[in-house]
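This chain uses plain numbering: 1 for the first residue, then up along the sequence. The model shown is predicted, which means the values in this text are computed figures rather than measured ones.
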Amino acid sequence: MALRFIGIDPDTGQQGSPTVWVDEEKQELLLQGWKPDAKLDAECAAFEFPGHAPGIPPHEAVIRIPARMVPVLGKACDVAEGTEL
């Protein structure tokens, strides 16, 4: 795996933080974020969209990423797509 670190929450301390990497071989984003509370997790699981079964499969997870990380996510998208400047 060609794992490339992209960025970390700029407001992080020493208690762990949202982080973004890119697997350049698979062109996938890898995200570390905060776990949602039970209410938010249930709300996401109940969301329905045409053609998509409701619920969160056991092999998937919902995570929270702060909006201040939008530039980091944008950079990760550029790297994954091979369009990094």
If you take all heavy atoms of [X] and [Y], which pair is closest and at what distance?
X: Ala80; Y: Gln27; answer: O-NE2, 2.9 Å
X: Gly55; Y: His52; answer: O-CE1, 4.5 Å
X: Leu3; Y: Trp21; answer: CD1-CB, 3.6 Å
X: Met69; Y: Gly7; answer: CE-O, 4.5 Å
X: Asp9; Y: Ser17; answer: CB-CB, 4.2 Å

**Request:** List the steps and the verdict of side chain to side chain contact (heavy atoms under 4.5 Å, CB included) for Leu31 and Leu73.
**Result:** CA-CA 9 Å; Leu31 306 173; Leu73 293 169; 3.6 Å; yes
**Item:** Pro18 and Ile8, any side-chain heavy atoms less than 4.5 Å apart
**Value:** no
**Prompt:** Given side chains that start at C-beta, do those of Val22 and Glu28 come closer than 4.5 Å, heavy atoms only?
**Reply:** no
**Prompt:** Do Phe47 and Ile63 belong together in a cluster built from hydrophobic side chains that touch within less than 4.5 Å?
**Reply:** no
**Asked** If two hydrophobic side chains count as joined below 4.5 Å and joins carry through other members, does Phe5 share a cluster with Leu30?
**Response** yes
**Message:** Measuring from atom NZ of Lys75 to atom CZ of Arg4, what distance do you get when rounded to the nearest 0.5 angstrom?
**Reply:** 6.0 Å
**Item:** Nearest-0.5 Å distance that lies between atom CD in Gln32 and atom CD1 in Ile65
**Value:** 8.0 Å
Side-chain donor-acceptor contacts of residues 34-44 below 3.5 Å, not counting sequence neighbours, with atom names and distances?
| residue | atom | partner | partner atom | Å |
| --- | --- | --- | --- | --- |
| Asp37 | OD1 | Lys39 | N | 3.3 |
| Asp37 | OD1 | Leu40 | N | 2.8 |

